[in-house]
Amino acid sequence: MASAAQRRIKSISYAKYGYIFILPFFLVYFFFQLWPLINTFSLSFRENDEKGAKFVGMDNYKAILFETKVDDDVAMGKAEWLKELPKEERVATIKAEQSKTRINEQHRLFSEAFKNTLILWFGNFIPQIILSLSLAVWFTDAMLKIPGKGFFKVIMYMPNIITAACVAVLFTSLCQESRFGALQQIFHSVGIIDGDIQKTNYSDWVKLLNGEWESRIVVMFIQTWMWFGNTMIMLMSGIMGINPSLFEAASIDGASSGQVFRKITLPLLSPIMVYTLVTSMIGGLQMFDIPYLYHDKGNQKVTESLRTVAVYIYGTFNNLEGNKNYGWAGAASVCLFLVTLALGSVTFYLNRDKDAIAKKKQRKKLAQQAKIKNKQFGGLSI
């Protein structure tokens, strides 16, 4: 028989201390993530000025997603019928049409930013996943005895721990179009740039920094170089989690390396591949540091070719596009969130475990049949 003291000790709960230890995480999450997210949703339905008090409904979303028809003659005050209006009404009509012009400019900027985001993401994700998967299979092959395997893993992962801002500044210095650019000097030494590099015309340099597609390719390369090591490590962990007996059985049956890869490795890697795809998609759609920093800001054409949605949001919110537009920036953020959510949901749906779903449906069907059968006998099982 337990004494009163022993019963009192057993009744003490230490769960509250666990809640106290995890409380800082929830506080930080609320103030720095959850509350800004809620505020962004609220801001996207309000007007664009600094006060942002007036509720405008879906106007901000319509502004960035749809083009508004503008009468250029009215916007420029050249329409003949404007002369018949009173001065105040005429001025108000012209301002309203000019406002539509500014709204259409935001639509153009957002559309181009979204297109640039997809181009830069696809351009770095496809080579990244191919390279990472190839290296992961190579490093985990038990038949290959690769010397210094650990050293190569560390070297390939190291770019991932460097901040993106530092990498952007580094490549900007390497690719600058002047005699001080390291890559320009290399191109000159191998004969790609002719003549004396001290006197070479600016137009003869390789436009890695001020070329529209050249700068995009460099940004894609930077993203691939920074993240392929991290992706490789994740894929290696997935491959190492596959039962080795499957590979042994395939080897005994005489399967080639290609057959093993297609029939065993890829199907069993689908969970980690889905995770890699979703995380890469989230990071790619929110790409900011490198596209924002890597280019000569005096070149407007290249600035627009590298403007991603995140850069557009930053520029719109911080008065870099001509005027502060809190509502448009909030609407663009929500649109980016919804696109990411939709693409992630589609990815999970297409890669769901169909066998597990079929088994679950079969169990549910059997349970319903058993329930109906029991009701036929008054709820008593026979």
Side-chain angles (χ1 to χ4, degrees), residues 108-109 111-132 134-135 155-232 280 283-315 320-321:
R108 182 189 69 82
L109 290 174
S111 301
E112 290 184 354
F114 190 74
K115 180 187 73 174
N116 293 335
T117 302
L118 294 180
I119 290 173
L120 294 175
W121 175 58
F122 278 110
N124 84 79
F125 177 74
I126 293 175
Q128 179 191 147
I129 196 67
I130 293 174
L131 179 61
S132 301
S134 302
L135 290 172
I155 292 298
M156 292 175 183
Y157 185 78
M158 280 186 67
N160 183 244
I161 64 177
I162 305 174
T163 59
C166 294
V167 174
V169 173
L170 170 64
F171 275 84
T172 302
S173 302
L174 291 175
C175 299
Q176 60 178 310
E177 294 167 15
S178 70
R179 63 180 183 272
F180 303 109
L183 290 179
Q184 302 294 341
Q185 295 182 19
I186 293 174
F187 293 148
H188 178 264
S189 64
V190 298
I192 297 177
I193 300 177
D194 297 327
D196 185 359
I197 195 171
Q198 304 291 333
K199 302 177 181 179
T200 301
N201 193 314
Y202 175 84
S203 61
D204 294 331
W205 289 328
V206 181
K207 299 184 180 301
L208 296 177
L209 189 63
N210 285 317
E212 181 179 359
W213 273 101
E214 291 88 342
S215 58
R216 282 176 175 172
I217 292 172
V218 174
V219 170
M220 295 173 193
F221 171 79
I222 295 172
Q223 291 288 125
T224 302
W225 175 70
M226 284 188 64
W227 291 101
F228 86 95
N230 179 69
T231 305
M232 179 192 70
S280 173
L285 293 176
Q286 297 178 353
M287 198 183 307
F288 173 78
D289 313 66
I290 295 173
Y292 180 72
L293 293 173
Y294 177 80
H295 59 83
D296 181 2
K297 289 182 173 56
N299 192 323
Q300 183 64 24
K301 186 176 181 180
V302 176
T303 300
E304 292 188 0
S305 68
L306 292 179
R307 183 190 287 116
T308 61
V309 176
V311 175
Y312 165 80
I313 293 170
Y314 176 79
L320 301 183
E321 302 294 346

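Here the shortest heavy-atom pairing between Leu306 and Tyr294 reads CD1-O, 3.1 Å. Minimum interatomic distance between Ala168 and Ile290 (heavy atoms only, all atoms of both residues): CB-CA, 4.1 Å. Of all heavy-atom pairs between Leu135 and Met156, the closest is CD1-SD, 3.8 Å. Between Cys166 and Ile162, the closest heavy-atom pair is CB-CG2, 4.1 Å. Contact detail for Cys175 and Gln184: the closest heavy-atom pair is O-NE2, 3.9 Å.
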Which side-chain N or O atoms in residues 119-126 pair as donor and acceptor under 3.5 Å with protein atoms at least two apart or in another chain?
residue	atom	partner	partner atom	Å
Trp121	NE1	Ser280	O	3.2
Trp121	NE1	Ser280	OG	3.2
Asn124	OD1	Gln128	NE2	3.3
Asn124	ND2	Leu120	O	2.7
Asn124	ND2	Trp121	O	3.2

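Summarising the geometry, atom CD1 belonging to Ile222 is positioned 7.0 Å from atom OG1 belonging to Thr172; distances are rounded to the nearest 0.5 Å. Interatomic distance, CZ of Phe171 versus CG of Leu183, reported as 8.5 Å (0.5 Å rounding). Note that the CE atom of Met232 and the CD1 atom of Ile129 stand 12.0 Å from one another [nearest 0.5 Å]. The structure places CG of Leu208 at 9.0 Å from OG of Ser215, a figure rounded to the nearest 0.5 Å. The OG1 atom of Thr117 sits 10.5 Å away from the CD atom of Gln286 when rounded to the nearest 0.5 Å.
In this structure Glu214 satisfies the salt bridge (charged side-chain N to carboxylate O under 4.0 Å, His left out) test with no other residue, sequence neighbours excluded. Looking at residues two or more places apart in sequence or on another chain, you find no side-chain contact (heavy atoms from CB on, under 4.5 Å) involving Ile217. Applying the ring pair (Phe, Tyr, Trp, His ring centres under 6.0 Å) test to Phe114 and every residue at least two apart in sequence or in another chain returns nothing. For Phe288, the ring pair (Phe, Tyr, Trp, His ring centres under 6.0 Å) partners two or more places apart in sequence, or in a different chain, are Tyr292, Tyr314.
Note on residues 118-132: no pairs pass salt bridge (charged side-chain N to carboxylate O under 4.0 Å, His left out), not counting sequence neighbours.
Distance alone, capped at 3.5 Å, is enough to place a donor-acceptor pair between the Gln176 side chain and the Ser173 backbone. The backbone N or O of Arg307 sits less than 3.5 Å from a side-chain atom of Asn116, completing a donor-acceptor pair. Under a 3.5 Å cut-off, the side chain of Thr231 and the backbone N or O of Ser132 do not form any donor-acceptor pair.
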